[in-house]
Number of protein chains: 2
Amino acid sequence: MLLQLDPSTGLPVYRQIASAVRRAISDGEVSPGERLPGARDLAGALGVNMHTVLRAYGDLRDEGLIELRRGRGAVVRPGSVSLAGVRHVVIELAETASRHGIEFTEIVAMLEEEMT
Amino acid sequence: MLLQLDPSTGLPVYRQIASAVRRAISDGEVSPGERLPGARDLAGALGVNMHTVLRAYGDLRDEGLIELRRGRGAVVRPGSVSLAGVRHVVIELAETASRHGIEFTEIVAMLEEEMT
DNA sequence: ACCTATTTGTCCGTATGTATG
DNA sequence: CCATACATACGGACAAATAGG
């Protein structure tokens, strides 16, 4: 799993890490059951603090993509492939909407039409 | 405004037309106030029936992107640039969700987290 | 202001394919 | 396998809006 940060985007580092992991799961670079790199290792490789990586991992856990247990590290959960792909587009939509100043309720209305 | 159909996708022609027009608006190839090609002309150029184009135009009108009046044709509405961009991502999300079998309510929950 | 020809979307119906029960 | 419903695409006729003289 190759991971790259881009300082020019202005996006928080922990979000960039989470996005990169989501993409890796969605693209099948890491499969359910596999372990992600340990927080210390990844932090060292990226040149950031361990807690920054852990914040990203925590978000991914809250989204249901990975399991996080002391001693075992971060393990990709079954079903995460679909979730990661969808989550990626959800985030893209949220960013697009806020960029254009469109409200959440309006987005939901548009989505409801489209998903009928 | 150049428009191209792809028969291999299996997507309904009227949807392909609507998508292409949305992208053209979003990319600034046509600006608010400008006229879209008449339904007969565009249909002739694409080799489809006039009503197929009109169905696409009707959908775009329902989305608030264009105005449709007989005698005058289809005119791009102000504010359509933002709307077109957002709508494009909304459709992408709807397709991704259905492909992965994820329900509308679940998508809304994910979106709410993200847009807070 | 008037008339008329043209442009253009709207409304009627029809055929075909594709799920659905 | 059949019937039903639905969506897609096409065709012809119609009426509103527009443009030119």
Side-chain angles (χ1 to χ4, degrees), chain A residues 26 79 81-83 85-90 92-93 96-97 100 102 105-116, chain B residues 1-111:
Chain A
S26 171
V81 181
S82 293
L83 269 181
V86 173
R87 174 75 61 169
H88 175 260
V89 186
V90 165
E92 191 185 358
L93 176 55
T96 307
H100 292 292
I102 301 189
T105 54
E106 197 167 346
I107 295 290
V108 172
M110 294 169 74
L111 200 55
E112 184 165 23
E113 291 173 21
E114 220 59 52
M115 288 188 73
T116 311
Chain B
M1 186 187 61
L2 193 53
L3 239 160
Q4 195 118 18
L5 298 185
D6 182 359
S8 71
T9 64
L11 283 174
V13 177
Y14 77 95
R15 276 186 184 274
Q16 294 188 45
I17 295 172
S19 287
V21 174
R22 265 187 231 103
R23 187 201 51 72
I25 294 176
S26 170
D27 293 356
E29 290 178 22
V30 286
S31 305
E34 272 186 59
R35 259 193 86 231
L36 296 180
R40 283 173 181 80
D41 292 350
L42 184 53
L46 296 175
V48 301
N49 190 277
M50 174 189 66
H51 296 92
T52 304
V53 175
L54 244 10
R55 173 149 186 197
Y57 280 7
D59 285 357
L60 294 171
R61 176 198 53 204
D62 294 345
E63 294 171 8
L65 296 185
I66 65 175
E67 234 169 90
L68 216 50
R69 302 248 286 261
R70 58 184 143 188
R72 189 159 37 143
V75 182
V76 179
R77 292 191 15 168
S80 64
V81 182
S82 292
L83 268 181
V86 174
R87 174 73 63 170
H88 175 262
V89 186
V90 166
I91 291 173
E92 190 184 357
L93 176 55
E95 285 171 352
T96 306
S98 103
R99 197 172 337 117
H100 291 293
I102 300 188
E103 302 290 332
F104 168 72
T105 53
E106 197 167 348
I107 296 290
V108 173
M110 293 169 73
L111 200 55

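Hydrogens, waters and symmetry mates play no part in the numbers below; they use all other heavy atoms, side chains included. Note that the structure is a prediction, hence the values are computed from the model and not measured. So that the names make sense, note that chain A is the first sequence line, chain B the second, and so on, each numbered from 1.
- A distance of 7.0 Å separates CG in B:Leu93 from CE in A:Met115, rounded to the nearest 0.5 Å.
- Checked by distance alone, B:Arg72 brings no side-chain donor or acceptor within 3.5 Å of a matching partner on the base of C:dG9.
- Nucleic acid contact class of B:Arg40 (heavy atoms, under 4.0 Å, all strands): base.
- Remark: B:Tyr14 is in phosphate contact with D:dT8, judged by side-chain N or O atoms under 4.0 Å from OP1 or OP2.
- Put simply, B:Arg35 has a side-chain N or O that comes within less than 4.0 Å of OP1 or OP2 on C:dT8.
- At D:dT8, none of the side-chain N or O atoms of B:Thr52 fall inside 4.0 Å of OP1 or OP2 (strictly under the cut-off).
- Between the CG atom of B:Leu5 and the P atom of D:dT8 there is a distance of 15 Å, rounded to whole Å.
- Note on B:Leu54: a base of the nucleic acid sits closer than 4.0 angstrom, heavy atoms only.
- Judged by atom type and distance alone, B:His51 reaches the base of C:dC11 through a side-chain donor-acceptor pair under 3.5 Å.
- Taken to the nearest 0.5 Å, the CZ atom of B:Arg22 stands 11.5 Å off from the CD1 atom of B:Ile17.
- Within the model, atoms NE2 of B:His88 and CG of B:Asp27 stand 9.0 Å from one another, a figure rounded to the nearest 0.5 Å.
- A salt bridge is defined here as a Lys NZ or Arg NE, NH1 or NH2 lying under 4.0 Å from an Asp or Glu carboxylate O, and B:Arg23 with B:Glu92 fails to meet this definition.
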